[in-house]
Each structure stands twice: as structure tokens, then as C-alpha cells.
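Here the structure is laid out as C-alpha cells; the discussion comes afterwards.
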Amino acid sequence: MQPRRPTRPIYVGDSRTGIVQIGGGKPDSRGRETAPAPVSVQTMTAGYTHEVDKCVAEIHRLHAAGADIVRVAVPEKKDTAALKEILAQTSVPIVADVHFHFQRALEAVEAGVHKIRLNPGNITDREQVNAVIDACKAANGGRGIPIRVGVNEGSIIERRDKQKRAKELGAVFSDHKHGYLLAIMIAKLEEYLDIFSDRGFYDIAISAKSMSAPIVIDAYSEIAARFDHPLHLGVTHAGPRETGCIRSVVALGTLLAGGIGDTIRISYASDHVHEVEDGLELLWSLGLRERAGAELIACPTCGRIQVDLFSLTQGVRRKLAAEITVPMKVAVMGCVVNGPGEAEGADVAVFAGDRRGIIYVQGERVANVPEEEILDRLLAECKAFQARVQAGEAKLGEKRVDIVPPDPIGELGSGWEKMAAERLRGSTPLTVRGG
Ligand code: SF4
């Protein structure tokens, strides 16, 4: 893991929603010293913004899942007209996503939105872009609101000027696509940032999304080396969660491990709650955010398994998500072969075996229960441990007793292992399967 890249910070939100700092480590636009903020997780609503009740309900659901910032599309005047009501009913910073129509940005700012996402490439009139910049600068009682500037792969190629488009596409696809595309992204970004600095506006975040993980990694690395604005990471058009997850995590994880990235949005053609869940899990896994709730460790199972571990693991996952808020480690292991080692660092662990499970709390054995009782007993131990942690009577990650593996032949062993043991003792002749 590389240290976080210092950036100028931006601030999103107000006293009612709480303010989310993005980036940091360099002085902000008012000259105040800052430290890097935790990487934030963003997502976007999938429904129509003008359907206020549905939009508010969706924002609540995304916020409850852990989203730090929620973006809404405002393609029409009726969408920006709904913003005031939406802002009054929600308590998470809201970003207005603007394309083509600068008036939507002005209306969103007027409604009190916390940030604007703008693509200067599809608002061709410089005066219109300037009007948006000036409005953002004056918003929030003169404190201003930030703007995200995107040079996403899908929107930087010229589409109206056919000659220009052919030239740029030719550059992209001839010879070495990657290099030409990066060159276009950087050139466009420099052009856009000039517009903002000409107006004395620096509260900017940058995005450079692509559907290709290698392009995302190279584009953001290049931008990080050249500009000190905070970066909004994302893989665009990543597809459904099943496939988009790998593509997003490999790109964003690589950048984040390299210290690059200040806020992330994972984009799925699936329920957007999954974008938040997976974004948080990515940050927790890299140690970039403090985990909220339990961390589940579970074995993949193999031919030794003698309980329904997949169902047990899913049951444990659901119960932990609903009832445990302390970041304890919980291990669900299929047998005693690798269980003790893999659960060594867990606060609460179960080793399953011959239709039974032996449960440990910080290395101390507390129960041996039949398979059908494992889930309830494990959860009861997790809740009791959580209560002790909250009362200051126990500390997370503190192992009190070394785990002594249960006897694989006695309490948890399989029929096959028991027969083998009998054979060793010479009391029962071993029948070879299929023999
Ligand atoms: S813990 Fe046991 S059942 Fe699970 S994968 Fe390892 S050896 Fe197989």
C-alpha cells in the first residue's frame, strides 16, 4: 500500500447533511491546511428525479446502505424543480448530474444542491460554462459548492463536428489506442481546467472513467501525476454486478493501493445498493476505511465438509449485517483441518464437523452444538461478545486462549476418519470404498 496522494480538498454537504471532505493533504482553496479525508463512497439514483417520493425513498435506501454522497440526474426542468423538496427530505449530500443544458446546473445550484457534475465538453458555449462556474462560486452563502469535471472515455470524443470526431476516433483506434486516448483525455482536461482557473475556481474533483480497467488505471495514474485535484474513481458501464464487480475492483483496487483516489463510485446495471456495499467492502478490505459491522471469514468448503456450510455462511452473513455493529471478525470454518489456523485471528469462530459445530470466542471454546443450532448459538455468542466490547470488558482482536483444535476423530471427525482410526487401533477391518 502506498501513502495517499495529497490533493487540494473539496467539501460536499452542509450543516444539516454533514460535510464530506474529498481528498486533502494540501491547503484548500481558502488556504487552510488539511489532512487527507477517508475515501468516500458515492452512488447514483436509478429512478426519475422528478418523482419526488420515489427518489427520496431511493436516496434513503442508498444512504442507509452506507453511501456518503448520492448523485441524481437532472435532464429536465421538472427534475431540478423537484430538487428543493428532495433536499429537504434527505440527509445525505446530493450531487446534480448535468449534461448538455447549463440551465439545469443553474437551477440545481439555486435549489441548494451540494455539488454539480459537469461535462464542459457537452456544453459548447464557454459563456454558459462560465455562468455555471460563477453560480457555484457564489452558492452556499458565498462559500461555494464544488464541481466534478469528467473526461470520461464515452463523453470526450467529439460527436457533433464529424470531421473532428473522425480525426479523434482515428487517433484513438489507430496504432496504439491506449496512448492516443490518454493523450486526448489529458488534453481535454487541461482545456477544461483552464476554463475554471480563468474564473478563479478551484473546488474541483476530476474523473476519467472508461469501461476498460487498464485504461482507467493508466488514465488516473497519469492525471494523478499531473494535477493536484481530488480524484473521483470509477469504471463506467461496468455491467451487472456479477461481472462488473471484478472489473471495477481490479481497477479501483489497483489505484487505491497505489495511493490514488479520493472518492469512488462503482457502477452496476443492478440495484445500486450493491454499488455502495461493494465500494465499502473494497475500502474495508484495503484498510482505507474503518469497517462498520462484522467481518466474515468463511472457508470455501471441500470434500471434507459435513454440514451445509453455504447455507450456514449466508445465514451468518445476514444475521451479522442485521445485528452486529462492532467490527469483530467472525470465522465459519468447515472442519478442523484448516479451521484453527484460518480462524486464528477471529474474535468468534465455529469449526463444523460431523453434523456439529464447536464455537470459540477469542480462542476459548464455549459450545459444541448440533448443526441445526449452530447459527443461533453463533449469533448469540457474537451479540454477547459485542455487548462486552461495548461495555469495555473485551477488546477486539485480543486472543485470550490459543485455539486447541478439536479431536478430528472424536467430536467432529467424519465416518471415514473414524473408521481409519479404528483400523489403526486394529479393532475394525477397513472396507475400501468401491473395493
Ligand atoms: S476448512 Fe476444512 S472443509 Fe473448509 S475448505 Fe478447509 S479443509 Fe475443506
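Counting convention: from 1, in listed order, for ligands and their atoms alike. Predicted model only: the values in this text are computed from it and were never measured.
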Quiz item: Using a heavy-atom cut-off of under 4.0 Å, does the side chain or the backbone of Thr301 touch ligand 1, or both, or neither?
Solution: backbone
Quiz item: Do you see a donor-acceptor pair shorter than 3.5 Å between the side chains of Asp203 and Ser29?
Solution: yes
Exercise. Could you tell me which residues satisfy salt bridge (Lys or Arg N to Asp or Glu O under 4.0 Å) with Lys54, sequence neighbours excluded, listed by chain and number?
Key: Glu51
Quiz item: Is there an N/O/S atom in Cys335 at a distance below 2.8 Å from atom 2 (Fe) of ligand 1?
Solution: yes
Quiz item: Do any N/O/S atoms of Cys299 come under 2.8 Å of atom 4 (Fe) of ligand 1?
Solution: yes
Self-check item: Listed partners of Arg4 passing salt bridge (Lys or Arg N to Asp or Glu O under 4.0 Å), at least two apart
Solution: Asp262
Quiz item: Quick one: do the Glu58 and Thr45 side chains pair a donor with an acceptor below 3.5 Å?
Solution: no
